[in-house]
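Hydrogens, waters and symmetry mates are skipped; everything else that's a heavy atom, side chains included, is used. Naming: A, B, ... by sequence-line order, numbering from 1 per chain.
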Amino acid sequence: MLARIGFPQPWLSLLLFITWQLLSDGISGGSVVLGLILAWAIPRITYGFWPEPPGFVNAWRMPVYLAIVLWDIVLASFSVAKLILSPRKPRPAFICYPLQLEHPLAISILASTISLTPGTVSADVSDDQKLLLIHALDAEDNQAVIDSIHNRYEKPLMEMFK
Amino acid sequence: MSEVTEYIIAGLLLLGGAFSLIGALGLARLPDFFTRLHGPTKATTLGVGAIMLSSVIYFSNSGEGLGVAEILITVFLFLTAPVSANMLAKAAMHIGVSPMDGTRGNPWDQ
């Protein structure tokens, strides 16, 4: 029913509407109207970029995941700061990470997480979406980096996108 | 505003400023393009996060309601920073920027 009146992705529309209400100074008639227009137009325009609408199976796990990521950002920021300030040279490495996730949205969440946690940047995804190229700033052991990413981030995401 | 809150806000501002400064230092100090990518996109993540948090605490305590706008700014920043880092890395691999000596593994270009 929602799809017929023009909301192909009701959750995205709801999110956009709420975000617009929070961005504008207080809820008024104008902000509601403009919010509705945006919530209608943006999912339509970007529809082609979503090959399949994301299906969260276990969305309640998201806050736990975000908390882990935030904590890791804090911890890893300190280690990167220490590396920048210390005189020794970093040991950078390009690492091929074998992806087990299959959903495109899950892969992009994992890639964003890897980029946000200091010390690693996800540089590219292979065309068949099986490999993720990661640039690590200071890695002693490729396998250790792969294992820690797999255990800390990929496993929870796999639970979420089963 | 109580004294404790003021100390917390000041501490967060100092922490944020320090991390932003270290991020900028990293941009100048690190040896090649790919390692420099880490400085500004990441050490600053915590820097901006701490400054935003202090702003939220300040405005929430000065009786103007919870500072939702700052939280949204942080969220948008966290959403867009990985994308720009990814684009920069892809562009660098595409034009064949060579990584520093001693880098293990190879960038691919497809």
Side-chain angles (χ1 to χ4, degrees), chain A residues 18-26 66 69-70 72-87 89-96 108-128 131-142 145, chain B residues 15 18-19 21-39 41-47 49-50 65-66 68-69 71-73 75-94 99-110:
Chain A
I18 293 172
T19 309
W20 187 256
Q21 300 315 314
L22 294 176
L23 273 179
S24 48
D25 248 353
L66 287 179
V69 171
L70 278 179
D72 283 359
I73 289 175
V74 174
L75 284 186
S77 291
F78 278 97
S79 68
V80 169
K82 217 162 69 185
L83 177 79
I84 290 174
L85 295 177
S86 80
K89 287 238 174 211
R91 293 158 297 183
F94 281 100
I95 301 169
C96 278
S108 73
I109 291 179
L110 180 70
S112 299
T113 311
I114 291 169
S115 287
L116 271 180
T117 46
T120 45
V121 173
S122 53
D124 208 353
V125 187
S126 67
D127 288 338
D128 58 359
L131 284 174
L132 191 66
L133 184 66
I134 298 171
H135 183 266
L137 178 58
D138 190 46
E140 227 169 312
D141 179 14
N142 289 7
V145 175
Chain B
L15 186 76
F19 270 103
L21 178 66
I22 291 169
L25 277 177
L27 190 62
R29 253 188 56 99
L30 290 170
D32 73 340
F33 178 85
F34 292 102
T35 49
R36 272 184 214 145
L37 208 54
H38 292 268
T41 50
K42 263 78 68 40
T44 44
T45 315
L46 189 62
L66 189 67
V68 192
I71 301 172
L72 280 176
I73 292 170
V75 170
F76 287 144
L77 195 81
F78 277 35
L79 282 178
T80 51
V83 180
S84 57
N86 184 257
M87 278 334 217
L88 284 168
K90 262 184 130 155
M93 286 192 296
H94 186 68
M100 67 180 271
D101 295 338
T103 303
R104 277 174 289 127
N106 283 309
W108 70 45
D109 188 29
Q110 42 180 358

Next on the checklist: Could you tell me if the side chain of Leu85(A) sits less than 4.5 Å from the side chain of Arg29(B), heavy atoms only?
Outcome noted: no
Item to check | Structural part of Leu25(B) lying under 4.5 Å from a heavy atom of chain A | outcome: both
Checklist entry - Is it the backbone or the side chain of Ala136(A) that comes under 4.5 Å from a heavy atom of chain B, or both, or neither? => result backbone
Item to check | Intermediate values then yes/no, side chain to side chain contact (heavy atoms under 4.5 Å, CB included), Ile73(A) and Phe78(B) | outcome: CA-CA 11 Å; Ile73(A) 289 175; Phe78(B) 277 35; 4.0 Å; yes
Checklist entry - Taking all atoms of both residues into account, what is the closest heavy-atom pair of Asn86(B) and Ala123(A), and its distance? => result ND2-O, 3.2 Å
Next on the checklist: Less than 4.5 Å to any heavy atom of chain B: does that hold for the side chain of Thr113(A), its backbone, both, or neither?
Outcome noted: neither
Checklist entry - For Asn142(A), is it the side chain, the backbone, both, or neither that has a heavy atom closer than 4.5 Å to a heavy atom of chain B? => result both
Checklist entry - Once you round to the nearest 0.5 Å, how far does CZ of Arg36(B) lie from CG of Leu137(A)? => result 12.5 Å
Checklist entry - Any side-chain heavy atom of Phe78(A) within less than 4.5 Å of one from Ile22(B)? => result no
Next on the checklist: If you define the side chain from C-beta out and look only at heavy atoms, does anything of Val80(A) sit under 4.5 Å from Phe19(B)?
Outcome noted: no
Item to check | Residue part contacting chain B, namely of Leu70(A), when any heavy atom lies under 4.5 Å | outcome: side chain
Item to check | Closest heavy-atom pair and its distance - Pro82(B), Leu116(A) | outcome: CG-CG, 3.8 Å
Checklist outcome for this item: When rounded to the nearest 0.5 Å, the distance separating CD1 of Ile71(B) from CG of Leu22(A) is 9.0 Å
Checklist entry - Does the side chain of Leu37(B) reach to within under 4.5 Å of the side chain of His135(A), using non-hydrogen atoms? => result no
